[in-house]
Protein chains: 2
Amino acid sequence: MTNQSKMKVYQEVLNQIRQFIEEQELKDGDRLPSERELSEQLNASRASIREALRAIELLGLIETRHGEGTFLRTYKPYHSVELLSTFVLREVKTKDELLEVKFLLEQVCLNQLFADEQWDYSQVKNLLFESNDIHTELFLRLFEEYGNRLLLKIWHLVTGFVETVDPKGASQVQYEELLKLISQRQYNQALDYHASLYEKQCS
Amino acid sequence: MTNQSKMKVYQEVLNQIRQFIEEQELKDGDRLPSERELSEQLNASRASIREALRAIELLGLIETRHGEGTFLRTYKPYHSVELLSTFVLREVKTKDELLEVKFLLEQVCLNQLFADEQWDYSQVKNLLFESNDIHTELFLRLFEEYGNRLLLKIWHLVTGFVETVDPKGASQVQYEELLKLISQRQYNQALDYHASLYEKQCS
DNA sequence: TTTCAAAAATGGTCTGACCACTAATCGAAT
DNA sequence: ATTCGATTAGTGGTCAGACCATTTTTGAAA
């Protein structure tokens, strides 16, 4: 109705829901209107409402609890990994782009942190290294350190998709090395080392 | 039925569809069974089938054509990136963060182009400067030049949001200056100049 | 053989019903 | 008045069937 009438109802519903969330300033954990309410307010059948909700549920943006309702949820890209990977693995074309963007974002993060003279690396130093995915854990910390939440979310998003395509684990030793370079303020070496972790992907 | 009976039907359907694709070795462009066929074969209602299909359609894994059918499709993460961003940005829409990310992405683009010795800046030189938004036009061209479509998409999205928050127009002269620096391969000056365009935003 | 209208197949959408689960309500026993 | 329990209302989960819009196939007429 609003834009192209060619757009499917469930896509319109998605936009309306997004708009609703913005207007009401809903946050993680808040409850959305019930499917029946949405159906009435958005002038669409409950089936269409559900198609939209199921879609963003699969993306991990909402959480539905039987008998309770539908709730906003902190975005967790790991949600539908198994499913996605089997679909996606046969197409490697975009894998390189994903990896490259992830790499570039991380380089940006490192560069910005290094450029800050007053940056206290000691907090990062105390990072626990007992996680399964050290790389993600470390850069999650570094992005938080930098403080730009949008940049962090974008990186997190891309990382989620990368894991879908490229489920590799990095060795712990490598990141202890990276962390050592950072703590010694050998920034150029740190950047190069970080880059080297990505270079062997080209096979 | 198969695993946890707690799992929703549409998720079971997703697994079955994935399995079907593997068994039949379907490739991009191949057609899936019709919704009614799937409904019969998988012993689920057409509504549940559709919920599953809509979900993976939003993920960009399939494409539906009215009257024709449902087809496998080359996976492109950009689809969901677009939708996700609008959700992800809901809490983050601080003007400063938006501007900073936009700036950083552009710096990345410039850096990567400059690092490429064989880059031919002459094509960019021929850019028409009759658009209303010179900045967007120029960097759209530069990002395309670099070739990473995902990076371009992310930048484009961020730029779109920035414009809704900060509807400024840049003067034409400034970008002729920037372009001049690029064409003269004075890359460091170009980066600094680009940065200076953002610095006066801190009011 | 070619052409084109009818029929079949397919996705898009809606309605209404029923079940399962949860939380709120209300009344009875304490 | 308080507590506890069953009832009830609200919500998501699922299904069956209908109708429309678009595309493809079919088959008869030229």
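Protein chains get the first letters and strands the later ones, always in sequence-line order, with residue 1 at the start of each.
The salt bridge (Lys or Arg N to Asp or Glu O under 4.0 Å) analysis of residues 57-72 of chain B, with sequence neighbours excluded, yields the pairs A/Lys8-B/Glu57, B/Arg54-B/Glu57, B/Glu63-B/Arg65, B/Arg65-B/Glu68. Evaluation of the ring-ring contact (aromatic ring centres under 6.0 Å, His included) test over residues 6-58 of chain A, restricted to residues two or more places apart or in two chains, returns none.
The nearest whole Å value for the distance from the CG atom in B/Leu58 to the P atom in C/dG12 is 14 Å. Rounded to an integer number of Å, the gap from B/Glu68 CD to C/dG11 C1' is 10 Å. Rounding to whole angstrom units, CZ of residue A/Phe71 and P of C/dT22 are separated by 12 Å. Distance, B/Arg54 CZ to C/dT10 C1': 12 Å, rounded to whole Å.
Residues passing the side chain to side chain donor-acceptor pair (under 3.5 Å) test with B/Gln107 are B/His194, sequence neighbours excluded. Residues satisfying the side chain to side chain donor-acceptor pair (under 3.5 Å) criterion with A/Thr70, sequence neighbours excluded, are absent altogether. By the side chain to side chain donor-acceptor pair (under 3.5 Å) test, A/Tyr146 is found to be paired with A/Gln112, B/Glu100, residues two or more places apart in sequence or in another chain being considered. Partners of B/Phe114 according to the side chain to side chain contact (heavy atoms under 4.5 Å, CB included) rule, which considers only residues two or more places apart in sequence or in another chain, are B/Leu110, B/Trp119, B/Ile182, B/Tyr187, B/Ala190, B/Leu191. Judged as a side chain to side chain contact (heavy atoms under 4.5 Å, CB included), and not counting sequence neighbours, the contacts of B/Glu144 are B/Leu140, B/Arg141, B/Leu152.
Nucleic acid contact for A/Gln11: none, since no nucleic acid atom lies under 4.0 Å from a heavy atom of the residue. A/Arg65 comes within contact range of the sugar-phosphate backbone alone, with a heavy-atom separation under 4.0 Å but no base atom that close.
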Where do N or O atoms of nucleotides 14-19 of chain C meet protein N or O atoms at under 3.5 Å, pair by pair?
from	atom 1	to	atom 2	distance (Å)
C/dC14	OP2	A/Ser45	N	3.3
C/dC14	OP2	A/Ser45	OG	3.2
C/dC14	OP2	A/Ser48	OG	2.8

### Query
After noting the C-alpha distance and the side-chain angles of A/Tyr175 and A/Glu137, does the key distance pass the side chain to side chain donor-acceptor pair (under 3.5 Å) rule?
CA-CA 10 Å; A/Tyr175 289 95; A/Glu137 208 68 41; over 6 Å; no
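Along DNA chain C, the nucleotide nearest to B/Thr70 and the one nearest to A/Gly67 differ in position, and the one closer to the 5' end is contacted by B/Thr70.
When DNA chain D is scanned 5' to 3' for any atom under 4.0 Å from a heavy atom of chain B, the first and last hits are D/dG13 to D/dT24.
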